[in-house]
**Student:** 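Once you've had a glance at the structure underneath, I'll fire off some questions.
Residue numbers begin at 1 in each chain, while the letters A, B, ... track the order of the sequences.
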Amino acid sequence: MLSQAVSEAFAQAQREGEIPAFSLPPIVMEKPRQGTLGDYATAICLQVGRLAGLAPATLAHLIAKRIALTGPIGRVEVAGPGFINITLSASWLVRQVDEILAAGQSFGMVDAGKGLRVQVEYGSANPTGPLHVGFARNVVIGDTLANILAAAGYSVEREYYVNDAGTQMQLFGQSLYARYAQALGLDVPLPENGYQGQYLVEWGKEIAATAGRRYLDMPYEEAVAALTELGLKEKVLKGVQEDLSLLGVKYDNWFFERSLYASGTFEEAMALLRQRGYLEERDGAIWFLASRFGEDKDAVVIRSNGLPGYFASDIAYHYDKFVKRGFDVVVDVWGADHQGHVPRMKAVMAALGLDPERLHIVIYQLVTLKRGGEIIRISKRTGDLVTLRELLEEVGPDAVRYFLLSRAPDSQMEFDLELAARQTEENPVFYVQYAHARIASVLRLAQRTPLQPTDGDVSLLEHPSELNLIRQMIQLPEVICDAARDYAPHRLAYYAYELARSFHTFYRDCRILSSLPQEEALTKARLKLTLAAKLVLARVLALMGMSAPERM
RNA sequence: GCCCCAGUAGCUCAGCAGGACAGAGCAGCUGCCUUCUAAGCAGCGGGCCGCAGGUUCGAAUCCUGCCUGGGGUACCA
């Protein structure tokens with residue numbers, strides 16, 4: 001570690017009495033904006049100049065002198081007001097090509113997570129119809145975050161929470177009943193606030209066709225319950241699973257809200273809160289005393305009609321995650337329309353005697369859909385929506401994922417369907433994939449020669465573009481580390497782009513395949529570099545859930 | 001009213017646990033395909049980092065206020 005080398009230099013200077021003893025803040029190594037300033041820089045001397053009683057630049061010289069030129073450290077310089085700039089040694093850099101190939105698929109893995117059990121929950125939405133486009137951002141962020149955390153050394157479990165209880169589910173069932181009855185010629189109106197989407201009309205017809213009048217002969221409540229179940233399992237969730245698999249989104253576990261009530265978990269969680277004195281009855285409802293935790297208002301847990309609200313389920317659900325299943329950390333991915341719910345959930349954590357820090361909620365801003373510059377308004381209940389399926393058919397899963405990943409969750413984004421679907425150089429998705437396809441093409445040609453990429457001698461690599469490509473490749477572990485720490489999946493998209501750029505530049509500057517006998521060794525070395533670049537590029541694409549095409 | 005997020009190049013966005021002259025893509029303009037994929041490469045132009053204060057040796061980054069946009073503020077989820 002470079003920061004360690006710097007801190008050792010400090011320790012040495014202190015031992016030698018050159019500078020007074022003081023404790024050093026963490027040394028942050030950063031990448032200077034300008035390439036000419038070296039690969040890494042630290043401003044530590046600017047920060048502690050005062051403590052050392054020296055001008056920052058003087059201190060920097062003292063320290064720089066004591067940094068040993070071993071391992072990755074090729075050159076140490078002092079610049080500006082007291083920065084220490086470190087340049088990686090070329091011989092160390094080229095050896096990393098061998099390291100990368102040796103690491104193979106595990107290249108980039110870090111152990112920041114130390115095996116901590118983390119659950120990532122994403123995609124939870126009312127299962128009352130086909131998935132909507134806005135929802136794509138949720139699952140893409142969640143799925144990618146799970147990939148990142150797994151690569152960062154966490155033990156990850158991915159979960160989909162099915163809200164199969166509550167008011168919306170009931171409305172769904174009643175709406176489906178109405179459509180079903182209508183399909184059989186009865187004049188049953190949709191319930192007030194019912195789901196008006198065309199898909200329910202279709203489902204009603206399908207059920208009428210296969211089940212006939214069976215549900216009409218049952219008591220209404222019973223029929224609605226049966227249709228809710230049928231609609232959920234046979235229609236909604238099947239569609240959801242198909243959509244997710246098209247998008248390449250994976251899950252380990254599907255968790256049903258109703259199971260919280262069936263298993264007694266809900267009662268357990270309530271009993272714990274009551275025992276701790278955080279529940280109170282008021283106006284016929286049961287309230288959670290969020291105000292005890294600095295919230296403006298208390299929140300209703302059980303409504304005066306005796307039914308638990310969504311908040312009740314969420315309390316029980318998180319109790320289940322932490323207490324019953326014992327996750328160390330839980331990450332929830334929620335849309336910005338739920339952000340008001342965050343402080344309440346944090347309060348619940350505290351009320352349950354759990355450290356609120358263990359619950360991390362990633363809030364992403366909502367997506368504005370556009371088509372050719374025009375905003376598309378959406379509403380699920382009126383059925384006026386663009387489905388995820390339509391999006392996937394129009395744009396393709398790779399472009400959807402890359403596009404949604406190329407912005408920080410915090411930033412509001414516009415998704416222009418026309419733009420994303422465009423298969424041209426305007427679309428950065430292809431830039432990254434093209435680099436991979438290009439590599440694959442070169443390697444295919446190499447297969448027709450007797451030259452083996454694995455025979456390459458990396459010490460022959462010395463062109464700036466070669467070294468630059470290696471510099472870029474060895475960033476991956478850091479990128480994964482940062483992305484995991486900050487819950488920032490978009491870093492991958494930017495990294496992938498930079499990596500592709502470095503390859504394209506190398507490709508232009510350095511002829512890989514040469515037929516000249518005297519360049520045979522160099523060709524093998526460059527083939528080896530190319531092979532390693534392919535591996536790293538494929539790793540990033542895989543982390544983003546995208547395909548790495550062999551041809552384009 | 002109060003709370004959360006954002007405001008950076010013509011457009012879409014990075015950068016924000018303070019650091020060296022502010023970055024990328026797209027769009028615009030120039031060049032580059034008789035040898036590995038031109039979905040590529042190289043270059044040019046383009047910025048009071050929303051506004052005003054403050055903290056600091058140093059602020060796009062931290063603090064305060066204001067302005068603009070989005071979201072929330074229900075016994076809906």
**Student:** Under a 3.5 Å cut-off for both distances, is B:C44 Watson-Crick or wobble paired, and to whom?
**Tutor:** B:G28
**Student:** State the pairing partner of B:G23; accept Watson-Crick or G-U wobble contacts with both distances under 3.5 Å, and report none otherwise.
**Tutor:** B:C13
**Student:** Check every atom of B:U37, B:C75, B:A77 against the side chain of A:Ala437 and return the nucleotide holding the closest atom.
**Tutor:** B:U37
**Student:** Out of B:U37, B:C5, B:C57, which nucleotide sits closest to the side chain of A:Arg50?
**Tutor:** B:C57
**Student:** Checking contacts here: which listed nucleotide (B:C5, B:C75, B:A77) is nearest the side-chain heavy atoms of A:Gln412?
**Tutor:** B:C5
**Student:** Report the base-pairing partner of B:A74 (Watson-Crick or G-U wobble, both distances below 3.5 angstrom), or none.
**Tutor:** none
**Student:** Just call it for A:Arg303: base, sugar-phosphate, or nothing, with non-hydrogen atoms closer than 4.0 Å on any strand.
**Tutor:** base
**Student:** Do A:Glu159 and A:Lys321 meet the salt-bridge criterion of a basic N to acidic O distance under 4.0 Å?
**Tutor:** no
**Student:** Could you measure between the two C1' atoms, the one in B:C29 and the one in B:G10, and give it in whole Å?
**Tutor:** 14 Å
**Student:** Has A:Tyr507 got its ring stacked on B:C36, by the test of a centre gap below 5.5 Å and a plane angle below 30°?
**Tutor:** yes
**Student:** Closest approach to the side chain of A:Arg407, judged atom by atom: which nucleotide of B:A39, B:A42, B:A14 is it?
**Tutor:** B:A14
**Student:** With respect to the side chain of A:Arg511, which nucleotide from B:C75, B:G19, B:C36 is positioned closest?
**Tutor:** B:C36
**Student:** Below 4.0 angstrom from OP1 or OP2 of B:G25, is there any side-chain N or O of A:Arg501?
**Tutor:** yes
**Student:** Within a reach of under 6.0 Å around CZ of A:Arg50, are more than 12 heavy atoms found that belong to other residues, nucleotides or ligands?
**Tutor:** no
**Student:** With a 3.5 Å cut-off and heavy atoms only, can you find an N or O donor on one side and an acceptor on the other between the side chain of A:Tyr434 and the base of B:A39?
**Tutor:** no
**Student:** Looking at A:Phe311, does the NZ or CZ of A:Arg344 lie under 6.0 angstrom from its six-membered ring centre and within 45 degrees of the ring axis?
**Tutor:** yes
**Student:** Does any N or O donor sit under 3.5 Å from an N or O acceptor when you compare the side chain of A:His490 with the base of B:A14?
**Tutor:** no
**Student:** Choose from B:G19, B:C36, B:A77 the nucleotide whose nearest atom is closest to any side-chain atom of A:Ala43.
**Tutor:** B:G19
**Student:** Between B:U12, B:A77, B:G71, which one does the side chain of A:Asn163 approach most closely?
**Tutor:** B:A77
**Student:** Side chain of A:Gln365, backbone of A:Met413: donor and acceptor closer than 3.5 Å?
**Tutor:** no
**Student:** Please report the distance, rounded to the nearest Å, between CD1 in A:Ile363 and C1' in B:G70.
**Tutor:** 14 Å
**Student:** Choose from B:C2, B:G40, B:G72 the nucleotide whose nearest atom is closest to any side-chain atom of A:Asp296.
**Tutor:** B:C2
**Student:** Using Watson-Crick or G-U wobble geometry with both distances below 3.5 Å, tell me the partner of B:U56, or none.
**Tutor:** none
**Student:** Which base, if any, makes a Watson-Crick or G-U wobble pair with B:C33, both distances under 3.5 Å?
**Tutor:** none
**Student:** Glycosidic conformation of B:C49, syn or anti, with 90° from 0 as the boundary?
**Tutor:** anti
**Student:** Select one nucleotide: of B:U73, B:G19, B:A20, the one nearest the side-chain heavy atoms of A:Leu37.
**Tutor:** B:A20
**Student:** Mapping A:Cys510 and A:Ser411 to their closest nucleotides on RNA chain B, which lands nearer the 5' end?
**Tutor:** A:Ser411
**Student:** Using purine N1 to pyrimidine N3 plus N6-O4 or O6-N4 for Watson-Crick, or N1-O2 and O6-N3 for G-U wobble, both under 3.5 Å, which nucleotide pairs with B:G69?
**Tutor:** B:C5
**Student:** Assign A:Glu498 to base, sugar-phosphate, or nothing according to its heavy-atom contacts below 4.0 angstrom with the strands shown.
**Tutor:** nothing
**Student:** By nearest nucleotide on RNA chain B, pick out whichever of A:Phe403 and A:His504 is the more 5' one.
**Tutor:** A:Phe403
**Student:** At under 4.0 Å between heavy atoms, what does A:Leu445 touch on the DNA or RNA strands: base, sugar-phosphate, or nothing?
**Tutor:** sugar-phosphate
**Student:** Base, sugar-phosphate, or nothing for A:Thr167, non-hydrogen atoms under 4.0 angstrom?
**Tutor:** sugar-phosphate
**Student:** Any side-chain N or O of A:Tyr431 below 4.0 angstrom from OP1/OP2 of B:C41?
**Tutor:** yes
**Student:** Kindly indicate, with the supporting measurements, whether the criterion side chain to side chain donor-acceptor pair (under 3.5 Å) is fulfilled by A:Arg401 and A:Thr144.
**Tutor:** CA-CA 9 Å; A:Arg401 288 195 73 129; A:Thr144 306; 3.2 Å; yes
**Student:** Could you check whether A:Gln170 gets within reach of a base, just the sugar-phosphate, or nothing at all, counting any heavy atom under 4.0 Å?
**Tutor:** nothing
**Student:** Using atom C1' in both nucleotides, what's the gap between B:G18 and B:U56 to the nearest angstrom?
**Tutor:** 9 Å
**Student:** Give A:Asp283 one of three labels, base, sugar-phosphate or nothing, depending on what nucleic acid heavy atoms sit under 4.0 Å from its own.
**Tutor:** base
**Student:** What contact category does A:Arg491 fall into here, base, sugar-phosphate, or nothing, at under 4.0 angstrom with non-hydrogen atoms?
**Tutor:** sugar-phosphate
**Student:** Against the six-membered ring of A:Phe288, is A:Arg292 placed for a cation-pi contact (under 6.0 Å from the centre, within 45° of the normal)?
**Tutor:** no
**Student:** Using ring centroids (six-membered ring only for Trp), state whether A:Phe506 and A:Phe503 fall under 6.0 Å.
**Tutor:** yes
**Student:** Under 4.0 Å between a side-chain N/O of A:Thr505 and OP1 or OP2 of B:A42, yes or no?
**Tutor:** yes
**Student:** Quick one: the side chain of A:Gln339 and the base of B:G71, do they pair up donor-acceptor inside 3.5 Å?
**Tutor:** yes
**Student:** Mind checking A:Ala408 for me? I need base, sugar-phosphate or nothing, with any heavy atom below 4.0 Å counting as a touch.
**Tutor:** sugar-phosphate
**Student:** Under 3.5 Å, is there an N or O donor on one side and an acceptor on the other linking the side chain of A:Asn85 and the base of B:A20?
**Tutor:** yes
